[in-house]
Every structure is written in structure tokens, then in C-alpha cells.
Amino acid sequence: MSSILRSIQLRNSIWSGFPVRFLKQQAGLSTVNLLDPRSCGKRHFTTEVQEHGKEVAEAATILIFDLETTGYFHKDHRIIEFALCDLSGGKNSTFQTLINPERTVPDHVERLNNIGTDLVCRPGIPRFSDVTPLLLAFVRSRQAPGKPILWVAHNAKNFDARFLAQEFDRCSASLPADWLFFDTLTLAKKMLKAEGKKRLTNLEALREHYGIHSHNDAHRAMRDVMILSQVFQKMTFDLKLTNEELINEAMKASEFSKSS
DNA sequence: AGTGCATTCCTAATCCACAA
DNA sequence: TTGTGGATTAGGAATGCACT
């Protein structure tokens, strides 16, 4: 495939707050023959989540993320959609892309999120190995000097972080050492335990608990990222968690390396 | 549909008080 | 001192829940 075609496909497939030209420069890739970013009608800019996270974000760059995959187990399945949102908000604060898993998407997964084999297993959809350098460039562009990246996901410990680490392994890459992972599912369970209450701790239950409105019922990565962004801020506010406590409770990227 | 974590439940072991 | 019964504790098994 020609580099020009590949660039166009990447631009059309990755919905990022940043122009792909910028990301490719950051990733050390050629920017020749890219179309004017302003001509790309599919790009999404998200600035909904802003001021709330600024205080927390001072100690680290906080990236809320979510994955859609072909199944549950990271060793047997692949990522089909990736979305993240920088909690500090502002322009260019989101990154979202479908990912070609190079395998079929089971029917029960397609019914859940409307992402089927036909949608992701086609030439225009980047593989994870294509996305990796752009993702790294995006993260670097959001990272404050000397501060870690705090990745936040619901069930990160057992699901999202493991899948991310597995995909990096498949690319013969490793997660950067200054990436930390924070699990909001663990936090939700601690919160309920402290309250002495019993209720469900899945993301939908937390969304309803906090009265967060969702415009879309489909189970998609960016939708869940936007919900989790609000849930995370409300939970950390309720629990009066400090920046240091969040970072101290986070898991290091090395905990999700090849052995996991 | 698979896996891992946290919680709950059950059983066995241990400890202590009391009576013979 | 010894035996018994109740209370407590520890550990393993089972269960529930979270994620797509």
C-alpha cells in the first residue's frame, strides 16, 4: 500500500482532537502529501470535560480511556475501538479510532456495540500497530514535563490495561514506564464499602447513580469515556481523594507486561 | 462466551470459660 | 486436671460481578 493512501486512510479513520499532520510530526513520520486537515469532516473535537479535572490533573496528565474488543480475554481477543479523553480538557483533548483486529468480530459483540467485521476488517481501518506511534505522539503532546500519565478506565486492572499491554506486546513494544493505570471499578467498590451500601458497580449503575445523561445507548468507546470522565470526577470529589492518593493507588505499566 | 478479583460462606482449628 | 460447649479466627471453596 502506498504511503499516501495509508496516510489518507489513517487521517480518515482516526478521529482525534489533533490534526494527523501534527501527530505524524510528533511520531517522526513523514507529513508529505497529507491533505489539509481542515478538509476532514469526520474529525471530532471534544471540550465537554474541562475545568473539573484541572486541579487533579496538575500532578499528572489524566487520560480517561475505554476499549471495545472482540471478547473478554486479552490473550485470545483484539481491540476493535479505542477512545480517550484528556481530563484537563481544552482543544484537542480527545483521541478516538476504530482498529482493524485482523479477525472476525463475534456476533454477540456486534450486537452490543454495532461494531462488526465489515466495519473494522477493511483496508481503511488502521491496525493497532498503525495507531501506536500516533497514540504515543498524542500522549506525549499532552504530557507535562516530568509528570506521569495516569490512565483511568473502569475495570482497568483486569481488562483495559491488560488489553493495551497485550497489543503493545504484539507490536514488540512496551508501555512507557511513566504510564500509570487507575481502576475506577476498585474505587467504586471501596466507596460502597465505606458507605456500607450494596449496589451494582458497573459503569451504567454509576452513571444512573450520579444522574449522568447519555445521548446514546450504543455501547461505544467514546460514549463510555465521556460517562466515565464524569463518574471519575464525582467519585474523587466525594471521596476527597488527593492527587498523591490517586497516583499512589495507581498500578505501574510494568504490572501488565508479558507475564500478565 | 473467559478470566481475575473481591466477597461470602462454610468448615476446621483454636481459644477460653466453666463445670465436674 | 480434664472434658465440654460456645465464641472467635483462619483458610479454602464457592459465588458474584466486572469487562467486550
Side-chain angles (χ1 to χ4, degrees), chain A residues 63-85 95-121 125 127-128 131 151-170 175 180-210 212 214 216-232 234-235 239 249-260:
Chain A
L63 302 179
I64 312 292
F65 78 110
D66 188 59
L67 310 174
E68 301 301 314
T69 71
T70 58
Y72 289 134
F73 189 42
H74 59 287
K75 290 188 187 296
D76 296 338
H77 293 277
R78 304 295 299 270
I79 296 173
I80 55 176
E81 190 179 38
F82 182 95
L84 72 83
C85 172
F95 184 101
Q96 177 185 16
T97 181
L98 289 169
I99 293 172
N100 186 340
E102 299 176 291
R103 53 166 292 174
T104 56
V105 179
D107 291 342
H108 65 271
V109 172
E110 182 174 359
R111 282 195 294 273
L112 185 75
N113 53 27
N114 297 329
I115 301 174
T117 306
D118 293 345
L119 183 62
V120 289
C121 292
I125 303 300
R127 296 160 300 189
F128 193 86
V131 173
W151 291 87
V152 176
H154 204 59
N155 205 11
K157 185 190 290 186
N158 293 324
F159 190 81
D160 301 83
R162 290 179 191 271
F163 264 97
L164 198 58
Q166 183 70 49
E167 291 290 5
F168 269 73
D169 282 348
R170 288 195 181 101
L175 297 172
L180 303 173
F181 291 89
F182 188 88
D183 189 353
T184 52
L185 175 59
T186 304
L187 186 64
K189 287 179 177 176
K190 282 182 182 176
M191 186 175 72
L192 289 186
K193 192 176 180 180
E195 292 175 354
K197 294 177 182 173
K198 277 199 170 187
R199 90 175 103 85
L200 294 175
T201 53
N202 62 45
L203 189 56
E204 276 306 299
L206 293 171
R207 183 184 69 77
E208 289 181 13
H209 172 71
Y210 285 116
I212 298 166
S214 175
N216 187 355
D217 288 337
H219 208 315
R220 293 297 292 267
M222 187 52 84
R223 168 192 178 270
D224 288 353
V225 163
M226 288 305 155
I227 292 170
L228 184 59
S229 296
Q230 297 179 64
V231 167
F232 174 69
K234 289 177 183 295
M235 279 200 298
L239 293 169
E249 291 196 22
M251 293 158 287
K252 295 177 181 175
S254 58
E255 296 181 43
F256 303 99
S257 58
K258 288 170 185 167
S259 58
S260 62

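In what follows, chains are A, B, ... by sequence order, proteins preceding strands, each numbered from 1.
Checked by distance alone, A:Tyr72 brings a side-chain donor or acceptor within 3.5 Å of a matching partner on the base of C:dT20.
A salt bridge between A:Arg223 and A:Glu204 is present, with a side-chain N of the basic residue lying under 4.0 Å from a carboxylate O of the acidic one. Contact check on A:Glu68 versus A:Arg220 returns no salt bridge, with no Lys/Arg side-chain nitrogen under 4.0 Å from an Asp/Glu carboxylate oxygen.
Remark: C1' of B:dC5 and CD of A:Glu255 are 14 Å apart, rounded to the nearest angstrom. As rounded to whole Å, 8 Å separates atom P of C:dT20 from atom CG of A:Asn155. If you take CG of A:Leu192 and P of C:dA18, they are 10 Å apart, rounded to a whole angstrom. The distance from atom CG of A:Asp66 to atom P of C:dC19 is 9 Å, rounded to the nearest whole Å. Remark: P of C:dA18 and NZ of A:Lys198 are 12 Å apart, rounded to the nearest angstrom. Taking atom NZ of A:Lys189 as the reference point, atom P of C:dC17 lies 10 Å away to the nearest angstrom.
Taking side-chain N and O atoms only, A:Asn202 has a distance below 4.0 Å to OP1 or OP2 of C:dA18. A sub-4.0 Å separation between OP1 or OP2 of B:dT7 and a side-chain N or O of A:Lys190 is absent. Between A:Arg162 and B:dC5, a side-chain N or O to OP1/OP2 separation shorter than 4.0 Å is present.
Heavy atoms of A:Asp160 sit nowhere under 4.0 angstrom from any nucleic acid atom.
When all heavy atoms are compared, the tightest approach of A:Ala161 to A:Phe181 is CB-CD2, 3.7 Å.
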